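The structure appears right after this line, and notes come after that.
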2 protein chains.
Amino acid sequence: MAYEQLELRHQLCFRLYTASRLITQAYEPYLKALGITYTQYLVLLVLWEKDNQPVNDIGKKLLLGINTTSPLIKRMEVLGLVARHGNDADKRQQLVYLTPKGKQMKEDAANIPNCLAKQMLKSGVAPEEMFKMIPLLDEFISKMSTKEKQDTIE
Amino acid sequence: MAYEQLELRHQLCFRLYTASRLITQAYEPYLKALGITYTQYLVLLVLWEKDNQPVNDIGKKLLLGINTTSPLIKRMEVLGLVARHGNDADKRQQLVYLTPKGKQMKEDAANIPNCLAKQMLKSGVAPEEMFKMIPLLDEFISKMSTKEKQDTIE
DNA sequence: TTGTTTTATATCGTGCGCGATAAAAATATT
DNA sequence: AATATTTTTATCGCGCACGATATAAAACAA
């Protein structure tokens, strides 16, 4: 058969896409209990580490554009998890900070990583195999996330 | 610091999510030239391997639900890439098949995997490192994609 | 200072993913 | 045969991701 390179089983991209969706789905029940989505959970992770950040700083840490981050934060404002205020030092910026509800949720979320680990074990996933993926993914992400996009298609 | 498990740098999930988005973004310029999206490309990969399949068979191979697959195929019908017809043997099914345009696109797409490989090389990604990910991802996907979802949250 | 460029934010439109729901056809059960 | 269950498809609503576009503020240049 010709075009072997086009077979699904040869696609790294499809594997990453599928693995990403599967693990996000695994988080879903735990996040649903908190009333948040996976992406909102990521924003909370960032803010729990450092409160009061500009919208775009949060986006950059998640490798998301402002066009994703801005409406995302807005939905989280409606949920009462965060709020924002202007920055006098730079009037373009909106500083996002956690509300008491957003801070409280950290304690409710503290067990989620452990729950996920347990669930993966239960599904038969060996943790040491998953740990092997981490440096490979980090290498890939670091190399692929350089800002300059190719402008030539060869 | 408490809650160390909640730090972004400890999250496998975030890495998979980011890596998936980055590689999909890398495909984008090549797919844009063909006028299709990444998910539509996946459907074409499936149909190029085996034409004339029920909607859900395509979805199952991509681990996508019928609620994703059905409108996806519909958009591809509008683009003139596929068409569908009822199955007399099972009147519930809609068999999806490639139009001449959809078949032709296989030749146009044949070079995409090679382009991606080149681009990753150019970005400094070592292919042998990426190959190491494949069995790990396959193991993860196979274990995590069992249909029965947990109904208990511990 | 004035003009240009860059940066930070926001909005709009489109295409996913997926939970929820519905309807029709096939299959299994009684 | 009649009923119940499962399977296949479809639709709706919502929240992303992201390209394109717009605006205001800051930084830079002439």
Side-chain angles (χ1 to χ4, degrees), chain A residues 14 17-29 31-33 35-43 53-60 62-79 81 84-96 145 147 149 151, chain B residues 14 17-29 31-33 35-43 53-60 62-79 81 84-96 145 147 149 151:
Chain A
F14 173 61
Y17 160 81
T18 302
S20 170
R21 286 193 302 110
L22 284 171
I23 195 165
T24 303
Q25 284 167 22
Y27 273 86
E28 210 273 337
L31 298 176
K32 191 179 185 179
I36 57 174
T37 66
Y38 177 69
T39 318
Q40 290 167 8
Y41 173 68
L42 290 181
V43 171
Q53 297 191 57
V55 178
N56 215 15
D57 282 23
I58 299 171
K60 277 175 184 165
L62 302 177
L63 278 70
L64 291 170
I66 185 77
N67 51 350
T68 297
T69 318
S70 173
L72 175 57
I73 301 285
K74 184 167 272 187
R75 283 186 293 269
M76 295 179 73
E77 247 181 308
V78 175
L79 293 175
L81 296 168
R84 65 179 110 191
H85 60 81
N87 182 3
D88 283 341
D90 186 336
K91 288 180 180 170
R92 294 170 302 182
Q93 288 183 343
Q94 291 288 312
L95 294 174
V96 182
S145 63
K147 205 48 177 286
K149 304 281 170 180
D151 41 280
Chain B
F14 174 62
Y17 159 82
T18 303
S20 171
R21 287 195 300 114
L22 284 171
I23 195 164
T24 303
Q25 284 167 24
Y27 273 86
E28 210 274 335
L31 297 176
K32 191 178 184 180
I36 57 174
T37 67
Y38 178 68
T39 317
Q40 290 166 8
Y41 174 67
L42 290 181
V43 172
Q53 297 189 58
V55 178
N56 215 15
D57 283 23
I58 299 172
K60 277 176 184 165
L62 302 177
L63 277 70
L64 290 170
I66 186 76
N67 51 351
T68 298
T69 318
S70 173
L72 174 57
I73 301 285
K74 185 166 271 187
R75 282 186 294 270
M76 294 177 74
E77 248 182 308
V78 175
L79 292 174
L81 295 169
R84 65 178 111 190
H85 60 81
N87 182 4
D88 283 340
D90 185 336
K91 288 180 180 170
R92 294 170 302 179
Q93 288 184 342
Q94 290 289 312
L95 295 173
V96 183
S145 64
K147 204 49 176 288
K149 303 282 172 181
D151 41 281

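These figures come from a predicted structure and were not determined experimentally. Below, chain A is the first sequence line, B the second, and so on; all start at residue 1.
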Decide side chain to side chain contact (heavy atoms under 4.5 Å, CB included) for B:Val43 and B:Leu81; before the verdict, give the C-alpha distance in whole Å, the side-chain angles of both, and the deciding distance to 0.1 Å. CA-CA 10 Å; B:Val43 172; B:Leu81 295 169; over 6 Å; no
Go through it in stages, so that I can follow the logic: the residues are A:Lys60 and A:Asn56, the test is side chain to side chain contact (heavy atoms under 4.5 Å, CB included), and I'd like the CA-CA distance, side-chain angles, deciding distance and then a yes or no. CA-CA 6 Å; A:Lys60 277 175 184 165; A:Asn56 215 15; 4.0 Å; yes
Before giving the answer on side chain to side chain contact (heavy atoms under 4.5 Å, CB included), spell out for A:Leu64 and B:Arg21 the whole-Å C-alpha distance, their side-chain angles and the decisive distance to 0.1 Å. CA-CA 10 Å; A:Leu64 291 170; B:Arg21 287 195 300 114; 3.6 Å; yes
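For C:dC16, the OP1/OP2 oxygens have no side-chain nitrogen or oxygen of B:Arg21 closer than 4.0 Å. An OP1 or OP2 oxygen of C:dA10 is reached within less than 4.0 angstrom by a side-chain nitrogen or oxygen of A:Ser70. Listed pair A:Lys60 / C:dA8 meets the phosphate criterion, a side-chain N or O lying under 4.0 Å from OP1 or OP2. Side-chain N/O atoms of A:Lys74 include one lying less than 4.0 angstrom from OP1 or OP2 on C:dT11. Of the side-chain N and O atoms in B:Gln93, none sit less than 4.0 angstrom from OP1 or OP2 of D:dT9. Phosphate proximity of C:dA20 to A:Lys32: present, with a side-chain N or O under 4.0 Å from OP1 or OP2.
In this structure, A:Ala89 and A:Leu72 both approach DNA chain D, and ranking their closest nucleotides by distance from the 5' end singles out A:Leu72. Closest-nucleotide positions on DNA chain D for B:Tyr17 and B:Pro54 were compared, and the one nearer the 5' end corresponds to B:Pro54. Map B:Asp90 and A:Thr68 each onto its nearest nucleotide of DNA chain C; the residue landing nearer the 5' end is A:Thr68.
One donor-acceptor pair, N or O on each side, does fall under 3.5 Å between the base of D:dT7 and the side chain of B:Arg92. Within 3.5 Å, a donor on the side chain of B:Asn67 pairs with an acceptor on the base of C:dG19, or the reverse.
In this structure, CG of A:Leu63 is placed 14 Å from C1' of D:dC18, rounded to the nearest angstrom. Taking atom CG of residue A:Leu31 and atom C1' of nucleotide D:dC16, one finds them 14 Å apart after rounding to whole Å. With rounding to whole Å, A:Asn56 atom CG is found 20 Å from D:dT23 atom P. Atom CD1 in B:Ile66 sits about 10 Å away from atom C1' in D:dT7, given to the nearest Å. D:dT11 atom P lies 13 Å from atom CD1 of B:Ile73, rounded to whole Å.
Looking at heavy-atom distances under 4.0 Å, B:Gln40 makes contact with sugar-phosphate atoms alone, never a base. Among the protein residues, B:Thr37 comes within range of the sugar-phosphate backbone only, with heavy atoms under 4.0 Å from sugar or phosphate atoms but none that close to a base. Among the protein residues, A:Thr39 comes within range of the sugar-phosphate backbone only, with heavy atoms under 4.0 Å from sugar or phosphate atoms but none that close to a base.
None of B:Arg84, B:His85, B:Gln53 except one satisfies the side chain to side chain contact (heavy atoms under 4.5 Å, CB included) rule with B:Gln94; the exception is B:Arg84.
Taking the six-membered ring where the residue is Trp, A:Tyr17 and B:Tyr38 present perpendicular rings, their angle passing 60° and hence far from 30°.
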